[in-house]
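Following: one structure in structure tokens, then a few remarks.
Position 1 is the first residue of the sequence, and the numbers go up from there.
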Amino acid sequence: MTTDSQAAIKSPFITLPEAVKATHCPRSTILKYTKLGLFPPMVRLLGNRIAFNRADVEQWIQERIAAGEAK
């Protein structure tokens with residue numbers, strides 16, 4: 001059961017599908033960039049679930065925006 005108060009609480013993690021939506025990058029690109037150190041590192045959650053630190057991903061997005069504006 002999800003209420004409005006629960007929906008307002010943001011997890012410190014962002015899942016791979018959420019990262020794809022937030023960055024508009026394909027899943028394969030995010031995984032490749034992670035492996036190359038060009039994207040924030042993955043965090044293993046329970047089982048096979050992986051996620052990223054939300055603050056790191058948001059910072060990465062802001063850096064990409066700033067880099068585009070600097071050109």
### Query
Below 4.5 Å, heavy atoms only, C-beta onward: do Phe52 and Trp60 meet side chain to side chain?
no
### Query
Is there side-chain contact between Pro40 and Val57, with heavy atoms separated by less than 4.5 Å?
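Touching, per the 4.5 Å side-chain cut-off.
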### No-hydrogen, no-angle side-chain donor-acceptor test under 3.5 Å, Gln59 and Glu63
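There is such a pair (donor and acceptor under 3.5 Å, judged by atom type) between the side chains of Gln59 and Glu63.
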### Message
Which residues pass the side-chain contact (heavy atoms from CB on, under 4.5 Å) test with Ile50, not counting sequence neighbours?
### Response
Leu16, Leu31, Met42, Arg44
### Query
Quick one: side chain to side chain donor-acceptor pair (under 3.5 Å) pairs with a partner in residues 17-31, sequence neighbours left out?
Thr15-Glu18
### Task
For Arg54 and Phe13, indicate whether the former's side chain and the latter's backbone hold a donor-acceptor pair under 3.5 Å.
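At least one qualifying donor-acceptor pair exists.
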### Task
Using the rule that two of Ile, Leu, Val, Met, Phe, Trp, Tyr join whenever any of their side-chain heavy atoms come within less than 4.5 Å, decide whether Ile14 and Leu38 are in one cluster.
yes
### Query
Would Ile30 end up clustered with Ile65 when hydrophobic side chains under 4.5 Å apart are linked, directly or stepwise?
yes
